[in-house]
Amino acid sequence: MSFILRRALLAIPSLFGLLVVTFLMIHVSPADPATTLAGDNATAEQIARIRHQYGLDQPLAVQFVRYVADVAQLDFGDSQYSSRPVATDLLGRLPATLELTLVALILATALGIPIGVVAAMHHNRWPDITLRLLSVAGVAVATFWLAIMLQMFFSMRLGWLPLRGRLTDGLAAPAGPTGLLLVDSLLHGDLTVFTDAFAHIVLPAATLALGGIATIARFTRAGVLDTMSRDFVQYARATGTPRQRLIWIYVLRNSVLAAVSQIGLLFGGLIAGSVVVESIFDWPGIGNYTVQAILTADSKVLLAVTLLIGVIYAVVNILTDLAQAAIDPRLRERR
Amino acid sequence: MDLTRRQAGALSLAAMLATAGRASAAQAGTIVRSDGQPQNLDPHQIFDVPMMGYALNTYDGLYRYEGNPPEMQPWLAESHTSSPDGLTWTFTLRKGAKFHDGSDVTAADIVYSFQRVLALGKAPASAFLPILKPANITAPDATTVKFQLDKPYGPFLAAIPIVAIVNPRAIKPNEKANDWGATWLASNEAGSGAYKLDPASYTPIERLDLQRFPDHFYGWKDNPKPVETVLYRLAHETSTGVLGLMNGSIDMTDSYLPTDQVEQIQSSKSARVEKSTSMRVFVIRMNNAKPPFDNLNARKAFAHAFNYGGFITDILKGYADRDGTPMPNTLWGFPKDAALYEYDLDKAKDYMKKAMAEGAPMKRPVEIHIQSQLEQTNQAAQLFQSDLQSIGINLKVVGDTWANITSNTAKADTTPDMWIHWVSTYFVDPENWVGQMYDSQFSGTWKASSWYKNPAVDDMLGQARGQVDQGQRQALYEKATKQIVDDCVDIWVYNTVELRGLSRRISNYRFCPVGSGGEIRWMQLT
């Protein structure tokens, strides 16, 4: 417990640093939020008035102190684009992105680890070579291309899966508690919503997972190969431990540490990758919201998103450490 | 056939997925539109094409533009008169118009709406702020509204349809700290239009739902099969929007379909493309304050180096009308006999030599800023780059955003050498184009980002703005436009043909350059 607390406390200065850097970067960029706020047809006087009204004519330091004071009270301000509270719109969209990212992560892990093990077991023979080729392709293929190909095949040609969105119009999303449709619908026993939500998430999650599958498979394969040459494996073989049990339990447990830390890193990567995926599949998450904020220089939104992703990263890092400690008792003792 | 339990489970899951996956058969009376939503829902804060597409459905104005080319129709007003000096404008309201809460639309509500526009001072106010004080908008009785202008303003009547009439009884209870209800109306609706917003459905840049308003003043007798429900479901990527149109899950796309999609959509059984000449000109701006663009011959060299024909025929597949002026070729005030700069690299080289003889730094690398998310600006810049290279001019294409560029155009030295944009129909008057683009008093706005200053042109545009006689105004705008074209201030390429994908279920689509055909009330469902 004290470990988690220590890690959480350590995250606070990092997040503050992140906030400072982001704040400065946004204000270095020439885009003037007052211009956007005033609208297409505004005169120079209108723009100047709005700049004053929103305190954008104050010195940078003053603006920053004000902002941090607000954030400390969990007030992230209003979006300049929609005039709505940033926190409301961001929290409303977060579950969609988390659900997509989690499903993609589960998919990537569930496929990546076995693929890596199988490849290692058939080291340098055809299954290994095929899987390695596929995993290079998985990292190299452009997400948007894959997404459109999947849409063309599964939505247009076969008509099996929906083209876009998260839920069919007319179906009501269950009321909480997590905001993750797959979880909430099961908790409410609503199978119609569950199937519909599941059908909607398949293509975007598969698109998002592809790069992750390749990464996890590569790290697992390397880990398994390394472990297989160790003495305890030789010993277990000599004593006649069944091969499947040896590989899928003893070897794997000793091999996935690197892959697990990759999974932690991947989570952040997946959230970043979801920007493209959300846009193509019209997935109502934070990706499209962020892109819009960049295009309109909506600084309050950009700051809040950066901070949110920073927090997610910190949490995932702590979870990764815990998972590694659970797998490898030696790490627990060292702590 | 014997199935194991696992196989049976897998099969039934596949069957369920297949049902869920099929494009939801279009619901009766409902259409799904995938074009953009406005930044927020307050028509007095936002004024752009997506807002018009929304506000024309949920709000009414005193007058409304209909048809192509657009003509003003009496709407909430029955008629108007103006004093000979152009200073006093009196509007008579029609009786029986109701807001969505059932209350009557009265003259006091019109006064409130215009005062709110002026007080908020956002984009829709720009036409009125210089000439109208809030106290000079009055309601002598329940059906009469009077505007007393500070000075005569030619485009006043043309700008009247900009102002959406809002219901103060809905807004006032939601005011916070003298904000005129700006925060509330950004996510709600307080109009009298043919459709009502369901506020709970609204998520910015994702979705909103509209329901037909049966008590709309215009009545529904002309439309036996109106659209009952409009679902805005934004398609963030054009490709997804087009696929949705083809599989029937989207009924209406935006009106800027890529030209290479037209044939594919036309050949489909469920969808078609509406092609409508609009009032939206494509301009490559030149910063006249920066060398070499401060030299007329240099500007002419650039103007002759753009491949207008190739761009329109090959890249746009012919879906654009060549227009060599800043004015839409369908609007009064367009000079039919203006000079035209054609694509001619020999002429470009000649002008380049002349410019260099006059000391213009033609060998300086020149930057052109594009709006990265708008592919067409990139295509135009690439085409331009290759032609300029062949005559020895080094053009650098810089990816940029609207927000960045329009901030940078506030000063001459931060305005890019060149940049590309469109000028859409904000109001139907030459003032919207040539007036606000080339009168030097507007320098510093994105529209006037050429930093052009010609006192003779300023004078003509000022005169045209200051009177109400359309005949005289037309002559002045034509003369001013010709002078601007002679001065080769910018590179004018085309007037837009808008391309909107529509389901074949929708008939009676009416296009108007104001709102780009997004007005739903005319549409009939078959």
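Remember, it's a predicted structure, so these values are computed and weren't measured experimentally. All heavy atoms count here, side chains included; hydrogens, waters and symmetry mates do not. Throughout, a chain's letter reflects where its sequence line sits, starting with A, and its residues are numbered from 1.
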B/Asp413, CG: over 12 other non-hydrogen atoms inside 6.0 angstrom: yes
Below 4.5 Å from any heavy atom of chain B, which atoms of [X] appear? Answer side chain, backbone, both or neither.
{"X": "A/Asn288", "result": "both"}
{"X": "A/Ile280", "result": "both"}
{"X": "A/Tyr289", "result": "both"}

Modelled atom types, side-chain donor and acceptor of A/Arg164 and B/Thr240, under 3.5 Å: no
Residue among B/Ala235, B/Ala186, B/Pro38 with most heavy-atom pairs under 4.5 Å to chain A: B/Ala235
Pairs of heavy atoms under 4.5 Å with chain A: top-ranked of B/Ser187, B/Ser443, B/Ser372, B/Ser239: B/Ser187
So, taking the atom named [atom1] in [X] and the one named [atom2] in [Y], what distance separates them when rounded to the nearest 0.5 Å?
{"X": "B/Glu237", "Y": "A/Ile148", "atom1": "CD", "atom2": "CD1", "answer": "7.0 Å"}
{"X": "A/Arg93", "Y": "B/Ile205", "atom1": "CZ", "atom2": "CD1", "answer": "5.0 Å"}
{"X": "A/Phe281", "Y": "B/His236", "atom1": "CZ", "atom2": "NE2", "answer": "14.0 Å"}
{"X": "A/Ser155", "Y": "B/Leu243", "atom1": "OG", "atom2": "CG", "answer": "8.0 Å"}
{"X": "A/Asp89", "Y": "B/Glu206", "atom1": "CG", "atom2": "CD", "answer": "10.0 Å"}
{"X": "A/Ser82", "Y": "B/Asp42", "atom1": "OG", "atom2": "CG", "answer": "12.5 Å"}

Heavy-atom pair count under 4.5 Å with chain B, highest-scoring of A/Asp282, A/Leu171, A/Thr192, A/Asp78: A/Asp282
